[in-house]
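In what follows, a single structure is set out as structure tokens and then discussed.
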Amino acid sequence: MSYELFIARRYLFAKKSHHAINIISGISVIGVAVATMAMVVTLSVFNGFQDLVADLFTAFDPELRVMPSNGQTVSLRDSALLWLKQNEGIEVFTPVLEGQALVVQDGRQHVVTIKGVADNVIRQTNIEDVLYGDGSFCLHADVLEYGVLGIQLAQELGLSTSFENPLQVYAPKQGERVNIGNPISSFNHDELQSPGVVFMVRQAKYDRSYILTSLQFAQRLFDRQGRVSSVDLKLKHGSDINKVKQQLQAQLGKRFKVEDRYEQQNDVFRVMRIEKFISYLFLSFILLVACFNIIGSLSMLMIDKQQDIRTLQNIGATDAQICTIFRLEGHIISLTGALLGLALGVLLCWIQQEYGLISMGDSEGSFIIEAYPVSVYLTDILLVLATVLAVGWLAIWYPVRYLSKKIL
């Protein structure tokens, strides 16, 4: 241990001639600790909401999605997709065709997204976990085609979880102009029966506009026989999604895009990342204000220890070494506050995870969850620690340098 660090530590914990210096030093530590704790808790709450949204999308979005980079569809017999289907790391390979259509029911109409999927979709996602109704998940049977509606879409069409009259579905024919004399002739028309269930992902993007049906129905409706708009992939258990994604992207080349769940919902998660970043900036500013207490503490300490400074100079200590003593004391204060704040922040997050002390509201059932979700990430802990130390260094360096010129 260097003598500068030894003296700085003694100055911090030893009694001063003026008791106010001890109080201000303690306030400095508490101020940094509170600001650090606030950063940990706030970032962890944003992480919790992000994980919650990701879990909600899990029932609908695959682990990886492969889609053409150019154009809307690709042949299912494309060599790249055939290779992908035979890849040993892929557990479930689900062709998908999506398109816009108009649905009509008892005089009500709505523009929807028809998502045609292969029968193995039930192995691809946790779709059964978000179904409501007395029926069962079914896409087709014999000559009948079934459509599973989002719950909000069903409500807007005046339907319950099941409906007797088939849903009328219309989609524009490919490459045809609208016949003004007989507009209906310019559309492909088909019907969807009710399997007795609807789905609820708790995301308006899906619940309000999506209909799940068979791949064959979608291909027939959109005149896309043998073609798909994307392929959903489920990897074998234990696979590293990011690593497999990079490998597949390298193998498929620029003709295809490989997206994970976060990229599939990039708009949603980008907004959440921006909100988290802005909160981080505001809290960093508050941390900077808290570090100003350290400046006051060091200023009073340097004035209080002028006799000690003269003694150190007499025994050969340079001005730079004396400045180092007080800078180190400032760093000790910021580090102590940072570690205390990190510990308190992690503890509060654990209490919230286990006991849900802070609820979302008093109305039971009004929210998806009852208490604020929190998720502590190691990267956030390291970011907060680095931020506290950096802000502390900036708040200490110039004032010590300025005061040393006045006092030394």
Side-chain angles (χ1 to χ4, degrees), residues 59-60 62 73-77 81-82 85 91-151 153-174 184-201 206-207 209-234:
F60 224 85
T73 62
V74 62
S75 172
L76 193 53
R77 299 185 63 81
L81 297 187
L82 292 176
K85 188 175 182 179
E91 182 176 339
V92 183
F93 176 97
T94 305
V96 176
L97 179 62
E98 288 191 16
Q100 299 291 310
L102 176 71
V103 295
V104 179
Q105 181 74 2
D106 297 332
R108 299 185 181 186
Q109 58 186 22
H110 204 286
V111 176
V112 301
T113 298
I114 298 292
K115 182 174 182 178
V117 294
D119 293 341
N120 64 356
V121 67
I122 201 167
R123 297 172 51 212
Q124 179 71 241
T125 60
N126 302 322
I127 188 65
E128 290 187 318
D129 295 340
V130 295
L131 296 179
Y132 296 86
D134 297 329
S136 59
F137 183 79
C138 182
L139 299 176
H140 61 90
D142 295 331
V143 296
L144 298 179
E145 297 286 353
Y146 294 99
V148 183
L149 282 64
I151 190 168
L153 175 60
Q155 292 173 349
E156 292 184 6
L157 292 173
L159 304 174
S160 62
T161 55
S162 63
F163 47 88
E164 295 181 0
N165 298 327
L167 194 66
Q168 306 300 313
V169 186
Y170 299 88
K173 292 182 179 179
Q174 295 295 324
I184 199 67
S185 65
S186 302
F187 289 81
N188 291 327
H189 169 251
D190 215 325
E191 296 180 345
L192 287 174
Q193 306 292 329
S194 172
V197 292
V198 296
F199 66 82
M200 182 171 64
V201 187
Y206 292 136
D207 292 344
S209 61
Y210 265 71
I211 297 179
L212 280 180
T213 186
S214 69
L215 178 63
Q216 293 76 17
F217 176 89
Q219 290 175 332
R220 186 169 63 249
L221 180 69
F222 299 121
D223 289 329
R224 298 291 188 180
Q225 284 78 7
R227 302 184 71 81
V228 295
S229 57
S230 64
V231 173
D232 292 350
L233 304 177
K234 181 178 182 180

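In this chain, numbering begins with 1 at the start of the sequence shown.
- Sparse packing is recorded around CG of Asp134, with 12 or fewer heavy atoms of other residues, nucleotides or ligands lying under 6.0 Å away.
- Between Phe187 and Leu102 the shortest side-chain heavy-atom distance does not fall below 4.5 Å.
- Panel note: side chain Asp119, backbone Leu139; no donor-acceptor pair is recorded below 3.5 Å.
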What verdict does the side-chain contact (heavy atoms from CB on, under 4.5 Å) test give for Val228 and Val74, after you've listed the backbone C-alpha separation in whole Å, the side-chain angles of each residue and the deciding distance to 0.1 Å?
CA-CA 6 Å; Val228 295; Val74 62; 4.0 Å; yes
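- Judged purely by atom type and a 3.5 angstrom limit, Asn188 uses its side chain to pair as donor or acceptor with the backbone of Leu221.
- For the pair His110 and Glu156, the tightest heavy-atom approach, listed with the atom from each and the gap, is NE2-OE1, 2.7 Å.
- Rounded to the nearest 0.5 Å, atoms CZ (Phe199) and CG (Leu149) are 7.5 Å apart.
- In this structure, the side chain of Lys234 engages the main chain of Arg123 through a donor-acceptor pair within 3.5 Å.
- Residues Pro195 and Gly147 approach most closely at CD-O, 3.3 Å, considering heavy atoms.
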Going through the checks in order, is the side-chain contact (heavy atoms from CB on, under 4.5 Å) test met by Tyr146 and Thr213?
CA-CA 6 Å; Tyr146 294 99; Thr213 186; 5.9 Å; no
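- In the displayed structure, Glu164 atom CD is contacted under 6.0 Å by at most 12 heavy atoms of other residues, nucleotides or ligands.
- The nearest pair of heavy atoms linking Asn120 to Phe93 is ND2-O, 2.9 Å.
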Take Leu212 and Phe137, measure what side-chain contact (heavy atoms from CB on, under 4.5 Å) needs, and give me the verdict at the end.
CA-CA 10 Å; Leu212 280 180; Phe137 183 79; 4.2 Å; yes
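- Checked by atom type and distance alone, the side chain of Ser229 never pairs as donor or acceptor with a backbone atom of Thr73 at under 3.5 Å.
- Gln100 CD to Phe222 CZ: the interatomic distance, rounded to the nearest 0.5 Å, is 7.5 Å.
- Taking both residues in full, the closest heavy atoms of Pro166 and Gln193 are given as CB-NE2, 3.4 Å, listed atom of the first, atom of the second, then distance.
- A donor-acceptor pair under 3.5 Å is formed between the side chain of Gln124 and the backbone N or O of Asp232.
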Determine, stepwise, if the pair Val198 / Leu159 fulfils side-chain contact (heavy atoms from CB on, under 4.5 Å).
CA-CA 10 Å; Val198 296; Leu159 304 174; over 6 Å; no
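- Side-chain contact between Leu233 and Pro62 is absent, with no heavy atoms from C-beta onward closer than 4.5 Å.
- Taking each heavy atom of Ser160 and Ala154 in turn, the nearest pair found is O-CB, 4.3 Å.
- Note that the CG atom of Leu215 and the OG1 atom of Thr94 stand 10.0 Å from one another [nearest 0.5 Å].
- Here the straight-line distance linking atom CG of Leu131 with atom OG1 of Thr161 works out to 11.0 Å at 0.5 Å rounding.
- At least one donor-acceptor pair under 3.5 Å links the side chain of Asp207 to the backbone N or O of Val201.
- Minimum heavy-atom separation, Ser162 to Gly196: CB-CA, 3.7 Å.
- Note that CG of Leu97 is 10.0 Å distant from CZ of Arg227, once rounded to the nearest 0.5 Å.
- Considering CG of Leu81 and NZ of Lys85, their distance stands at 10.0 Å, rounded to 0.5 Å.
- In summary, the side chains of Ser214 and Glu145 do present a donor paired with an acceptor at a separation below 3.5 Å, with no hydrogens or angles considered.
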Carefully, step by step, assess Gln168 and Gln105 under the rule side-chain hydrogen bond (donor to acceptor under 3.5 Å, both in side chains).
CA-CA 6 Å; Gln168 306 300 313; Gln105 181 74 2; 5.8 Å; no
